[in-house]
Every structure is written in structure tokens, then in C-alpha cells.
Number of protein chains: 2
Amino acid sequence: MTARPDRREQIVTVSRGLLEGDGRDALTMRNVASEMGIKAPSLYKHVKNRGEIETLLSERALAEIGGELAAAEPGLESFARVYRAWALANPELYRLATSTPLDRESITEGVEQSAEAPLLDALGSDRDRARACWAMAHGLVMLELDGRFPPGADIDAAWRAGVSAMISG
Amino acid sequence: MTARPDRREQIVTVSRGLLEGDGRDALTMRNVASEMGIKAPSLYKHVKNRGEIETLLSERALAEIGGELAAAEPGLESFARVYRAWALANPELYRLATSTPLDRESITEGVEQSAEAPLLDALGSDRDRARACWAMAHGLVMLELDGRFPPGADIDAAWRAGVSAMISG
DNA sequence: GTCTATACCCGGATAGAC
DNA sequence: GTCTATCCGGGTATAGAC
């Protein structure tokens, strides 16, 4: 009952902190170990290698996004709001989870689908449009995270325009 | 008149080859130098550091995309086709050019705008929708490059659905 | 399950001779 | 403008003792 997380869980936690705090390059075995108060070689008793840590993080990220989307009220506006908010609150984790090749074997079944379902509901099960819509959200998020919009750009307005086009188009 | 490129130009060329051929990690000073038949320290007589090479590559990429978009026939369908085709033909360079923070000081003036203009034309100068549309294209490309669509997904259809929504929405 | 020690690899960048 | 020599840093991962 005591809230002592096991080592794997702790690895995920400190890895996430390092990633979000100091960027992807900070996610090294040495840093993770150091944050846990142990030495790097000891980590290999708990995870296979660095890649497994990233997989665990991606899994966690996808589960969180999926959970929030599933819990949100239906509709595209709500989807957009929740999706964007999560990404901006967890920029490095979002990047990691979406730009990694995603080995579908090791990812928990259904996690990917649960992130997709709300979108399908909002668009009358139109798979193609759902994918376009997902891509638009992903693109808007990435461009924002990467500082790709011109300085004065009204990003809110771009989201509104996109969502509205997807709904009424 | 002889087609002997100067060193900077040569650096861009071999860097591009390394990047596209072996991925981003292959873009090292040692590799670039080796491809040129010289030693790594010599590169510093021509470029300031590795970052400058990446900037040069980004500049080149943006100029190329902008050029192709400007030369294409007007309309959103054409934009989509050209944009996607360039990205798929130059995946690593596309990634580099779009996911780097883009230091606007050192980038040639107007390069960014020229890539944006065709989109504005196609959408009646609606800036917000143009940005949403750009984001959708970027998102579709990134998801495809990162192998993020499910195995059987019809990516062509997703593009069509997205473009059609953006036009008629 | 943690440690120390270590092997191995890689990278960016500079100094100074030629 | 190129070289050699070198410094400095970093990383993943394993072996074997405790």
C-alpha cells in the first residue's frame, strides 16, 4: 500500500521529467540513473536498453492522450482543444511519442485505436476525413511546437478555420 | 564556366547525400569531410560549425519547395500533389527543414513567404485557412514519413478528403 | 540489485605546422 | 586551405565482485 513505486515506474517518471525538462538529448542512461540515485549500469537490471525506456514513454503518452480524448465531450472543437492542450503541456513527450516509428508489437493493444475513436465519432465514421483531421491537428501542433508560425500569427484562428472546414466541408 | 563547385556548395551537396542516404545521424563533420576527400578540421575554413551546414540545407530545401510550388499550376489539388511529392522524394531533408527552429535572421528573405503564397492564392487570401491547410499537408506528410498510418491505410484517400474539405468547407 | 571498472564507440572543435 | 595531433566531451553496454 505504501506509495513506493517499483523501479520501472520510477524510470518512466524520471525519464519523463528529464525529457520534458531538458529535452530529448537529456534522456540518457547516465542521467536517468543519476536522478534515481543509482549508477547507469544498474538500469539494465530493469530495462533492456534505452530504446525500451522510450517505448514505455510513448506508450504512456498515447494512453494519456487517448484517455483525455475519450473523456472529453464529443465533437471536433472539443477534440481540438484537448489534443492541442495536451501537446502543449507535454511538448517533448508529444514529439517523442509521435515521431518514433512506433513498434506495434510492443505497444499495448488498443491504445492507438482509443486515440482515434473520438475523431471517428465526430466525423460520422469517415475514416479518410478522420485521418486528414488528425493530420491537421498533428501538423498544427508540430508547427506550433517548432516555432514555425510567423511571429504575429493567430494560431487560435488557424485552428478555428481548420476545424470549421473539416466540419462543414 | 567549368563546373567545379566551390567548397561551400560541395559541402551542401555531400551533406545532402549523407542526410538522405544514411539519415540524420550520418551528418557529421567527419563524414562530410570524408566524402569530400579531406579531413574534418578543414571544414572549419568554410563553415562556422555543424549548425551552419544544417542551416544551409534548410535554406536549400525551402527554396526548392517554394520554387516547385510557385511553378505548379494553381489550385489546392496541385499544391497537395507537389508538396507531398517533394517531401516523399526528400524525406530527411524535409524533416530537417521543417523541424528545426528556423533562425529567421540567417534565412534568405522571402524564401518562407514564397512557399506560402501559392496556398494563399488557392484559398482566396484566407490566412487562417491557409495555415490550417499547410498544417494538414505537413501533418499528412510527417505521419506518412514516420510510418504512423495503420498498415492498410489509404493515404491518397486521406489527402483527397482533406483537400476537398478545405476547398468546400 | 547495486556497485566499480572498463571496453568500446562516437561526436565537435582547436592549435599549430606546412 | 589542408594537414596531424590532440583535447574534450559524450554515449551504450558488459563483466564480475559484493
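Note that the structure is predicted; figures quoted are calculated from it, not measured. Below, read A as the first sequence line, B as the second, and so on, with proteins coming before strands; counting in each chain starts at 1.
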Participant: Name the pairs: protein N/O against N/O of nucleotides 2-5 of chain C, kept only if under 3.5 Å.
Facilitator:
residue	atom	partner	partner atom	Å
C/dT2	OP1	A/Arg7	NE	3.0
C/dT2	OP1	A/Arg7	NH2	2.7
C/dT2	OP2	A/His46	NE2	2.7
C/dC3	OP2	A/Lys39	N	2.6
C/dC3	OP2	A/Ser42	OG	3.0

Participant: Who passes ring pair (Phe, Tyr, Trp, His ring centres under 6.0 Å) against A/Phe79, sequence neighbours left out?
Facilitator: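 Testing A/Phe79 for ring pair (Phe, Tyr, Trp, His ring centres under 6.0 Å), a comparison that skips the adjacent residues, returns A/Tyr83.
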Participant: Do B/Glu35 side-chain atoms and B/Leu18 backbone N/O form a donor-acceptor pair below 3.5 Å?
Facilitator: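 Side chain of B/Glu35 to backbone of B/Leu18: no pair is present.
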Participant: Would you mind reading off the distance between B/Leu43 atom CG and C/dT14 atom P, rounded to a whole angstrom?
Facilitator: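 Computing the B/Leu43:CG to C/dT14:P distance gives 13 Å.
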Participant: Report the residues that fulfil ring pair (Phe, Tyr, Trp, His ring centres under 6.0 Å) with B/Tyr44, sequence neighbours left out, ordered by chain and then residue number.
Facilitator: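 With sequence neighbours excluded, B/Tyr44 shows a ring pair (Phe, Tyr, Trp, His ring centres under 6.0 Å) to no residue whatsoever.
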Participant: Could you list the donor-acceptor pairs under 3.5 angstrom formed between side-chain atoms of residues 21-28 of chain B and any protein atom two or more places apart in sequence or on another chain?
Facilitator:
residue	atom	partner	partner atom	Å
B/Thr28	OG1	B/Asn31	N	3.0
B/Thr28	OG1	B/Asn31	ND2	3.4

Participant: Looking at residues at least two apart in the chain, or sitting in another chain, which of them share a side chain to side chain contact (heavy atoms under 4.5 Å, CB included) with A/Leu43?
Facilitator: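 By the side chain to side chain contact (heavy atoms under 4.5 Å, CB included) rule, A/Leu43 matches A/Ile11, A/Met29, A/Val32, A/Ala33, A/Met36, A/Ile38.
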Participant: Expressed as a whole number of angstroms, how long is the span from B/Glu52:CD to C/dA13:P?
Facilitator: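 Computing the B/Glu52:CD to C/dA13:P distance gives 11 Å.
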Participant: Could you list the protein-to-nucleotides 8-11 of chain D atom pairs, N/O on both sides, closer than 3.5 Å?
Facilitator:
residue	atom	partner	partner atom	Å
D/dG11	OP1	A/Thr28	OG1	3.3
D/dG11	N7	A/Arg30	NH2	2.4

Participant: Listed by chain and number, what are the ring pair (Phe, Tyr, Trp, His ring centres under 6.0 Å) partners of B/Trp134, not counting sequence neighbours?
Facilitator: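 Ring pair (Phe, Tyr, Trp, His ring centres under 6.0 Å) list for B/Trp134, sorted by chain: A/Phe149.
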Participant: Using side-chain hydrogen bond (donor to acceptor under 3.5 Å, both in side chains) as the criterion, list what pairs up with A/Asp146, not counting sequence neighbours.
Facilitator: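 A/Asp146 satisfies side-chain hydrogen bond (donor to acceptor under 3.5 Å, both in side chains) with A/Arg95 only.
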Participant: Report the residues that fulfil side-chain hydrogen bond (donor to acceptor under 3.5 Å, both in side chains) with B/Asn90, sequence neighbours left out, ordered by chain and then residue number.
Facilitator: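 B/Asn90 satisfies side-chain hydrogen bond (donor to acceptor under 3.5 Å, both in side chains) with B/Arg16 once adjacent residues are dropped.
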